[in-house]
Chemist: 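Quick one: this structure, given as structure tokens, is what I'll be asking you about.
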Amino acid sequence: MNYYSLNKQASDSSFRNAVIKGLAPDKGLYFPESITPLPKSFFENIDNLSYSEIAFEAIKQFVSPEIPENILKIIVEETLSFDFPIVKLNDNISTLELFHGPTMAFKDVGARFMARCLGYFNQDNDKEVTVLVATSGDTGGAVANGFLGVKGVNVVILYPSGKVSDIQEKQLTTLGQNIRALEINGTFDDCQAMVKTAFLDEALTSQMQLTSANSINVARWLPQLFYFMFAYKQLHKTYKDIVFTVPSGNFGNICAGMMAQQLGLPIRHFVASNNLNNVVTRYLISQLYEPKPSIQTISNAMDVGAPSNFIRIQEIYKNEFETLKENLSSYSFTDEETKEAMLEMYDDYNYVADPHGAVGYLGCKAYLKENPNAHCVFLETAHPTKFLDVVEEVIKEEQPLPEQIQAVMGKEKESTLISTYEDLKGFLLS
Ligand SMILES: *Cc1c(COP(=O)(O)O)cnc(C)c1O
């Protein structure tokens with residue numbers, strides 16, 4: 001499959017090149033040249049397919065022929081070695097739990113898939129690739145874990161000192177091997193600015209192959225379309241009108257859901273659930289797209305002022321506002337409302353949700369008010385103990401730490417403290 005740049009100033013790229021480069025030379029995001037729907041029989045027969053078989057069929061066209069089928073089979077099997085259960089709250093609302101992977105955030109699937117693709121492309125290459133990634137918390141852990149031990153790939157993670165949770169910090173600073181953590185004396189925005197400067201610094205990029213591992217990379221973005229198919233497999237016999245509510249930050253996850261719909265998955269509608277970082281909610285009302293600096297909230301993985309994948313959503317709907325609006329609703333909620341939703345789920349359904357999932361739940365309720373017959377699935381994107389402080393404050397009950405988390409808590413942190421871009425450059429070149 002070839003990919004084109006959404007800035008339309010660069011030549012087409014192979015899948016391999018798009019994965020290694022991350023962004024096109026004109027700084028545009030890559031988008032697949034064509035999307036061929038899967039045959040009807042695939043969806044009719046979905047009950048007889050395993051998760052790996054579903055994923056293999058769904059992603060094949062986007063990665064072939066550069067990843068041969070026998071290799072792709074292994075990649076999806078290794079990527080999906082945990083569960084994706086649906087938990088039903090009531091007749092109209094279910095949640096799809098995406099936190100059963102090694103770092104207990106939904107980003108595990110994309111990170112594991114991308115790491116294996118890059119590992120495959122790099123196996124006979126004597127030039128190492130350096131994955132440079134800024135994180136406000138969850139991305140770093142998922143990328144560190146996904147890329148651990150992958151030959152020919154070095155990972156450098158930048159995180160803001162003192163601004164990620166203890167659990168998150170342990171997840172990105174304790175693995176060793178090919179993973180190194182840089183603790184930045186600054187904010188997440190500073191980390192991201194340093195990464196951007198590095199990608200544009202020819203003195204650096206002429207010396208080393210840098211790539212990114214956030215959802216702008218097609219190999220991290222596309223595998224997220226599996227989730228929607230896994231949910232459909234579990235629900236389609238009981239419910240006909242399935243709607244997905246996706247707690248959204250950079251809009252990579254929801255955009256992948258729209259790709260699943262393009263492949264033929266019968267999804268009635270999408271709801272983008274936002275915290276107060278609500279540029280898309282406002283756009284759907286006013287038709288004015290006005291990014292703003294991000295605001296800090298308790299669902300901090302969604303504190304994004306300018307969602308990078310929204311341009312891919314515009315491309316899917318051919319920049320037609322009315323078509324987009326038929327398929328996408330968006331609501332925005334305050335931290336206060338989010339906490340109330342966490343408590344309500346706990347009291348009414350004995351369900352402990354993290355703040356991101358709670359924003360999703362609120363999106364379902366808002367949509368159902370106007371569309372009472374739908375079945376709304378919100379994606380639970382992180383395990384509640386990853387946001388332990390706020391969860392325990394709201395439901396007033398101590399939460400047991402899952403095994404994956406306990407395993408890293410006892411390990412020694414290893415990081416290098418830096419303050420400036422020159423420090424970063426020195427570190428990368430040394
Ligand atoms: C990254 C993240 C999100 C937002 O996902 P996008 O694909 O950026 O919209 C939501 N919840 C959690 C817990 C996350 O880590």
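Note that the numbering runs from 1 along the sequence shown for the chain. Atoms within a ligand are numbered from 1 in the order they appear, just like the ligands themselves. Atoms considered below: every heavy atom in the structure, side chains included; atoms not considered: hydrogens, waters and symmetry mates.
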Chemist: Could you check whether Asn275 and Asp303, counting side-chain N and O atoms only, form a donor-acceptor pair closer than 3.5 Å?
Modeler: yes

Chemist: Using the rule side-chain hydrogen bond (donor to acceptor under 3.5 Å, both in side chains), only one of Lys107, Gln168, His356 pairs with Asp138; which is it?
Modeler: Gln168

Chemist: Suppose I only count heavy atoms of Pro247 and a 4.0 Å limit; which atoms of ligand 1 are within that range?
Modeler: 4 (C), 10 (C)

Chemist: Could you say whether the N/O atoms of Phe106 and ligand 1 ever approach to under 3.5 Å?
Modeler: no

Chemist: Do ligand 1 and Phe387 have nitrogen or oxygen atoms that lie under 3.5 Å from each other?
Modeler: no

Chemist: Among all protein heavy atoms, pick the one closest to atom 7 (O) of ligand 1 and tell me residue, atom and distance.
Modeler: Asn253 N, 2.9 Å

Chemist: Which of the numbered atoms in ligand 1 are under 4.0 angstrom from any heavy atom belonging to Ala382?
Modeler: 13 (C)

Chemist: Would His356 count as a polar contact of ligand 1, with the cut-off being nitrogen or oxygen pairs under 3.5 Å?
Modeler: no

Chemist: I'd like to check which ligand 1 atoms, numbered from 1 as shown, lie under 4.0 Å from a non-hydrogen atom of Asp138.
Modeler: 13 (C), 15 (O)

Chemist: According to the interplanar angle, ranging from 0 to 90°, do the rings of Tyr283 and Phe310 count as parallel (below 30°), tilted (30 to 60°) or perpendicular (above 60°)?
Modeler: perpendicular

Chemist: Taking atom types as modelled, is there a side-chain donor on Asn17 or Ser14 under 3.5 Å from an acceptor on the other?
Modeler: no

Chemist: Write out the residue and atom name of the closest protein heavy atom to atom 1 (C) of ligand 1, then the distance separating them to 0.1 Å.
Modeler: Lys107 NZ, 1.4 Å

Chemist: Is there a polar contact between ligand 1 and Ala105, counting only N or O atoms under 3.5 Å apart?
Modeler: no

Chemist: Considering the heavy atoms of Gly252, write down every atom of ligand 1 situated less than 4.0 Å from one of them.
Modeler: 6 (P), 7 (O), 9 (O)

Chemist: Between Glu393 and Lys339, does a salt bridge (Lys or Arg N to Asp or Glu O under 4.0 Å) hold up when you go through it step by step?
Modeler: CA-CA 9 Å; Glu393 172 206 319; Lys339 288 182 184 175; 3.2 Å; yes

Chemist: To the nearest 0.5 angstrom, please state how far the CD atom of Gln404 sits from the CZ atom of Phe99.
Modeler: 10.0 Å

Chemist: What are the two closest non-hydrogen atoms of Asn90 and Tyr349, and how far apart are they?
Modeler: ND2-OH, 2.8 Å

Chemist: For Phe84 and Phe82, take the angle between the two ring planes, folded into 0 to 90°, and tell me which bin it lands in: parallel under 30, tilted 30 to 60, perpendicular over 60.
Modeler: tilted

Chemist: Before we go on, tell me: are the rings of Phe228 and Phe244 under 6.0 Å apart, centre to centre?
Modeler: yes

Chemist: Quick one: look up the protein heavy atom nearest atom 8 (O) of ligand 1 and list residue, atom name and how far away it is.
Modeler: Asn250 N, 2.8 Å

Chemist: Could you check atom 12 (C) of ligand 1 against the protein and tell me its nearest heavy-atom contact, residue, atom and distance included?
Modeler: Thr381 OG1, 3.4 Å

Chemist: Under 4.0 Å from a heavy atom of Ala301: give me the atoms of ligand 1 that qualify, with their elements.
Modeler: 2 (C), 12 (C), 14 (C), 15 (O)

Chemist: If you have a sec, work out which protein heavy atom is nearest atom 4 (C) of ligand 1 and how many Å separate them, to one decimal?
Modeler: Gly249 N, 3.6 Å

